[in-house]
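Atoms within each ligand, like the ligands themselves, are counted from 1 in listed order.
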Amino acid sequence: MFDYDKAITRPPCGTFANGLTHGLLGKPDIDLAVRQHQQYVNTLRRCGVEVVVLRPDNDYPDSCFTEDEAIVTDRMAVIPSFCRPSRQGEEVRLRPIIEVFYNGQIEEIKAPGTLEGGDICRAENHFFIGISSRTNEEGARQFADIASKYGFTSDFCDIRGIEILHLTTGMCYIGNNTVVCCPAFKKLKALSSYKVIVTSQEEAYAANCVRIKDKVIMPEGFPKLQRKLTKAGFDVVTTPMSEIEKQDGGLSCLSIRMPKRKI
Ligand code: CIR
């Protein structure tokens, strides 16, 4: 599942600092955010992925977080449904690009369902579906139904009592039946059959990493997790994320990773 072909990204735009954020880390430096995004794109390329870089879109301050705008697999693509007005419409702007690759196998989350791509975490033929402040039970149920139509199983992970934005903010699947997660997620029932690498509390942000082919990309500056992953046999590369973090974005949020199509 990590043999991605392409990734779709969009650089932070001029209105990036007006996006949604809990704001605890201060205002982002937009020029630095754009440079960090460029480094992220270069890292994806070094991992062997062809990267599509879209034009920045000032109408949508959070539009660099493309992960939220579509969920894609080798079998189908799903167009999500944003609940926050400032993000509603991002998925419409992205859809023509998804259609180029997924003509005929595009599904949609429909109102009153809401769902954002950041609440979907794939582990082989299984999906963890976060129920969060952005993804409601109806949206999660619709996604599970779509997934099952294409041969995937799924589990719901209710993270509403946890101070975290999306499911992928706090966990990722990196292969070999292994999940990386933040301390608050370690008791999630859905993880009970996985090998779980838990970050320390001060490194919780780094739980959002991305496996591409034989590499795991993680944010720069989290040495404890880097050591744990290396010790577990993963080939780790890092990239700076400080300005993206200020807008509540993690490493996975900056791209839609497209596996090779089998159909
Ligand atoms: C938002 O609050 O929607 C953005 N500022 C951050 C989105 C991060 N995306 C993600 O976790 N998948």
Side-chain angles (χ1 to χ4, degrees), residues 7-30 33-34 36-37 40 44 54 56-72 77-94 109 114-122 127-136 139-140 143 157 159-160 162-173 180-182 184-185 199 204-211 217-219 239 241-258:
I8 301 177
T9 67
R10 193 194 294 279
C13 60
T15 59
F16 179 60
N18 301 337
L20 302 167
T21 173
H22 60 42
L24 296 175
L25 300 173
K27 281 267 173 219
D29 172 334
I30 298 184
V34 170
Q36 290 183 342
H37 188 272
Y40 177 84
L44 291 180
L54 304 173
D57 186 347
N58 277 324
D59 294 343
Y60 293 99
D62 283 313
S63 54
C64 63
F65 300 115
T66 54
E67 176 180 65
D68 297 326
E69 299 174 354
I71 301 100
V72 304
V78 181
I79 306 297
S81 167
F82 286 99
C83 62
R84 293 302 181 95
S86 69
R87 300 205 65 182
Q88 284 167 352
E90 284 183 33
E91 77 288 10
V92 178
R93 294 224 171 145
L94 184 83
I109 303 299
T114 67
L115 181 135
E116 297 184 3
D119 279 317
I120 304 297
C121 175
R122 181 175 168 189
F127 282 109
F128 301 107
I129 306 173
I131 300 175
S132 69
S133 60
R134 303 290 181 87
T135 295
N136 64 14
F143 189 89
C157 303
I159 58 166
R160 283 172 295 189
I162 302 174
E163 294 260 310
I164 205 150
L165 177 58
H166 286 126
L167 189 71
T168 61
T169 314
M171 67 176 270
C172 65
Y173 176 72
V180 180
C181 78
C182 63
F185 280 14
T199 70
Y205 175 73
N208 178 249
C209 18
V210 171
R211 167 102 186 243
I217 312 175
M218 60 169 285
T239 193
M241 292 289 294
S242 65
E243 304 315 290
I244 307 297
E245 184 182 5
K246 288 177 183 167
Q247 295 304 103
D248 296 349
L251 217 139
S252 70
C253 319
L254 291 180
S255 59
I256 299 172
R257 297 157 303 278
M258 307 184 79

Exercise. Could you tell me whether ligand 1 has any atom less than 4.0 Å away from a heavy atom of D248?
Key: yes
How far is [atom] from its nearest protein heavy atom, and which residue and atom name does that atom have?
atom	answer
atom 5 (N) of ligand 1	L20 O, 2.6 Å
atom 6 (C) of ligand 1	Q247 O, 3.4 Å
atom 12 (N) of ligand 1	D68 OD1, 2.7 Å
atom 4 (C) of ligand 1	D62 OD1, 3.3 Å

Quiz item: Of all heavy-atom pairs between F185 and L167, which one has the smallest distance, and what is that distance?
Solution: CE2-O, 3.3 Å
Quiz item: What heavy-atom pair brings C182 and A207 nearest, and what distance separates the two atoms?
Solution: N-CB, 3.6 Å
Quiz item: When E90 is tested against each of T66, D62, D57 for side-chain contact (heavy atoms from CB on, under 4.5 Å), which residue passes?
Solution: D62
Quiz item: Can you tell me if D119 and S132 form a side-chain donor-acceptor pair at under 3.5 Å?
Solution: yes
For ligand 1, which atoms sit closer than 4.0 Å to a heavy atom of [X]?
X	result
L165	2 (O), 6 (C), 7 (C), 8 (C)
E67	12 (N)
G118	12 (N)

Quiz item: Has the side chain of N208 got a donor or acceptor atom that lies under 3.5 Å from a matching backbone atom of S252?
Solution: yes
Quiz prompt | Main-chain N/O of G118 paired to T168 side chain as donor or acceptor, under 3.5 Å | solution = yes
Quiz item: Of the backbone atoms (N, CA, C, O) and the side-chain heavy atoms from C-beta on, which set of E116 has a member under 4.0 Å from an atom of ligand 1: side chain, backbone, both, or neither?
Solution: neither
Quiz item: Are side-chain heavy atoms of F82 and R134 found at a separation under 4.5 Å?
Solution: no
Exercise. Ignoring hydrogens, just give me the one of R84, H166, R134 whose non-hydrogen atom is nearest atom 1 (C) of ligand 1.
Key: R134
